[in-house]
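Just so you know, these numbers come straight off a predicted model, no measurement behind them. Positions are given from 1 along the sequence.
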Amino acid sequence: MANKKYTPSLIPKKRKRLSFWRTIFKKKSDNGFYFAKSLDGRVTLLWIEANQFGKTNCYPGVLTIEGQEWAWADGMSNKAKRYNQEMIARWTEVVDPRRIDAEYDVTELTPEQFFRDFGPAQDRVMRELFLPKDAGSEEGPAEEAGDAAEQIAAADVQTAEDAAEDPKDGAQA
């Protein structure tokens, strides 16, 4: 599966692309920021609609299904890529352009409103993905050092396994 960062646009509005000239003259981007809640209350969505290469796409930010939260993970690590692909798969299971109007109450947000909710959700996900599970434990320094060495060794093994699966993976942008 390709490492996609977007899904089809959910909002039927053509967005202006950010061209070279718009950038030079500091024209504001034409991105749309959205929040949606399913009519049954089980699912919430937070996303950006933006034009890239002449086509408007949906860039998922936060997905919550029955209290379980996913937020787009920054970074190029294999762990972040796998996590984001799982998020995209779940996103496409719960919403698509045909279902958004019938199953969700959609609200357009300002960029400030969007990032007020997106930033903390992303921070929670990044901590969950990349901080050791026992970061708050009361082990002594010697035990922590041993655990850290084991974690580094395990990460190196995982990276080698990932590289063997897809040798081009590390070179992709």
Side-chain angles (χ1 to χ4, degrees), residues 1-23 27-131 158 161-162 165-173:
M1 175 183 222
N3 189 20
K4 278 180 67 171
K5 297 177 176 155
Y6 58 87
T7 67
S9 172
L10 298 175
I11 306 299
K13 178 179 178 182
K14 178 82 171 146
R15 300 272 172 194
K16 294 176 188 170
R17 67 185 180 93
L18 189 58
S19 69
F20 172 75
W21 295 112
R22 287 180 66 84
T23 303
K27 298 283 186 178
K28 187 177 174 185
S29 69
D30 186 29
N31 296 339
F33 300 87
Y34 297 93
F35 170 81
K37 186 171 186 174
S38 63
L39 298 178
D40 65 7
R42 293 179 46 240
V43 178
T44 61
L45 311 166
L46 191 65
W47 76 98
I48 300 173
E49 297 268 327
N51 185 315
Q52 185 176 24
F53 306 117
K55 182 179 178 185
T56 301
N57 293 307
C58 165
Y59 294 87
V62 180
L63 166 65
T64 307
I65 303 173
E66 295 181 349
Q68 186 172 7
E69 180 179 64
W70 287 268
W72 191 261
D74 276 340
M76 297 301 294
S77 73
N78 289 327
K79 184 184 259 187
K81 287 178 185 178
R82 282 191 299 270
Y83 173 85
N84 289 337
Q85 289 308 300
E86 180 182 341
M87 180 184 169
I88 290 281
R90 291 180 187 275
W91 185 277
T92 58
E93 288 172 4
V94 299
V95 69
D96 61 52
R98 294 181 314 267
R99 296 168 43 200
I100 190 74
D101 287 333
E103 298 178 19
Y104 291 86
D105 182 26
V106 178
T107 304
E108 188 163 5
L109 305 173
T110 66
E112 294 80 14
Q113 290 170 320
F114 174 87
F115 287 107
R116 181 195 63 222
D117 293 337
F118 174 69
Q122 188 179 49
D123 289 347
R124 287 188 295 272
V125 164
M126 296 299 282
R127 279 193 302 273
E128 180 69 25
L129 283 174
F130 294 106
L131 283 182
Q158 184 65 36
E161 290 171 358
D162 291 339
E165 290 176 14
D166 187 2
K168 297 183 294 184
D169 197 32
Q172 293 178 340

Query raised in the report: What do the steps show when you test L45 against V94 for side-chain contact (heavy atoms from CB on, under 4.5 Å), and what is the final call?
Result: CA-CA 10 Å; L45 311 166; V94 299; 4.3 Å; yes
Query - Residues E128, R124: salt bridge by 4.0 Å N-O rule - result: no
Could you report the tightest heavy-atom contact between [X] and [Y], atom names first, then the distance?
| X | Y | answer |
| --- | --- | --- |
| V106 | A36 | CG2-CB, 4.0 Å |
| A73 | Y83 | CB-CD2, 3.8 Å |
| M76 | K81 | O-CE, 3.3 Å |
| C58 | L10 | SG-CD1, 4.0 Å |
| G75 | A80 | O-CB, 4.1 Å |
| L39 | A102 | CD1-O, 3.3 Å |

Report task. Kindly indicate, with the supporting measurements, whether the criterion side-chain contact (heavy atoms from CB on, under 4.5 Å) is fulfilled by F35 and D117. Result -> CA-CA 10 Å; F35 170 81; D117 293 337; 5.6 Å; no
Please tell me if the side chains of [X] and [Y] come closer than 4.5 Å, counting only heavy atoms from C-beta onward.
| X | Y | answer |
| --- | --- | --- |
| D96 | P8 | no |
| R90 | M87 | no |
| F33 | T110 | no |

Query raised in the report: Given V125 and W70, is the side-chain contact (heavy atoms from CB on, under 4.5 Å) satisfied, shown in steps?
Result: CA-CA 7 Å; V125 164; W70 287 268; 5.7 Å; no
Query raised in the report: Strictly by modelled atom types, are E49 and S9 linked by a side-chain donor-acceptor pair under 3.5 Å?
Result: yes
Query raised in the report: Parallel, tilted or perpendicular: which fits the ring planes of W47 and Y34, with parallel below 30° and perpendicular above 60°?
Result: parallel
Report task. Give the ring-plane orientation class for F115 versus F118, where under 30° counts as parallel, over 60° as perpendicular and anything between as tilted. Result -> perpendicular
Query raised in the report: Regarding K4 and the six-membered ring of Y6, is the cationic atom NZ or CZ under 6.0 Å from the ring centre and inside 45° of its axis?
Result: yes
Calculate, to the nearest 0.5 Å, the distance between atoms [atom1] and [atom2] belonging to [X] and [Y] respectively.
| X | Y | atom1 | atom2 | answer |
| --- | --- | --- | --- | --- |
| I48 | W72 | CD1 | CH2 | 11.5 Å |
| L46 | Y59 | CG | OH | 16.0 Å |
| F114 | L109 | CZ | CG | 8.0 Å |
| E93 | I65 | CD | CD1 | 7.0 Å |

Query - side-chain contact (heavy atoms from CB on, under 4.5 Å) between E69 and V62, intermediate numbers included - result: CA-CA 7 Å; E69 180 179 64; V62 180; 4.0 Å; yes
Query raised in the report: K79 side chain to F130 main-chain N or O, any donor-acceptor pair under 3.5 Å?
Result: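 Here the side-chain-to-backbone pair does not exist.
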